[in-house]
Amino acid sequence: ADPAEVDVFVGRSRAGEIRIDRHGWNRFEIETTAGTGGRPVPITLRVKKGYFVPSDMGLGEDGRLLGVACRGAWWETPA
């Protein structure tokens, strides 16, 4: 299967890009200044690549299959 290249946005600002090379849940960490006033902040994403029905992901009742979905994203706070 081909890798999925996905743009990551914070609000309307592009934070970066991730490349998903394998099916299943993957964890990505990117650092961005998007939406932070220029301060670099790490973001963690939990992303799935594969075949699934959107309603299984809580994305509505559309029966079409999707290839990529994000289950969660959060800021990592410095210790």
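Residue numbers start at 1 and run along the sequence shown. Heavy atoms only: backbone and side chains are in, while hydrogens, waters and symmetry mates are out.
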What distance separates R46 CZ from R27 CZ, expressed to the nearest 0.5 Å? 9.5 Å
Residues forming a side-chain hydrogen bond (donor to acceptor under 3.5 Å, both in side chains) with R14, sequence neighbours excluded: D7
If the condition is side-chain contact (heavy atoms from CB on, under 4.5 Å), which residues does T33 pass it with, not counting sequence neighbours? T36, P40
Taking only residues two or more places apart in sequence, or in another chain, which ones meet R19 in a salt bridge (charged side-chain N to carboxylate O under 4.0 Å, His left out)? E5, D21
Against F28, only a single residue in V6, T44, I20, I43 fulfils side-chain contact (heavy atoms from CB on, under 4.5 Å); can you say which? I20
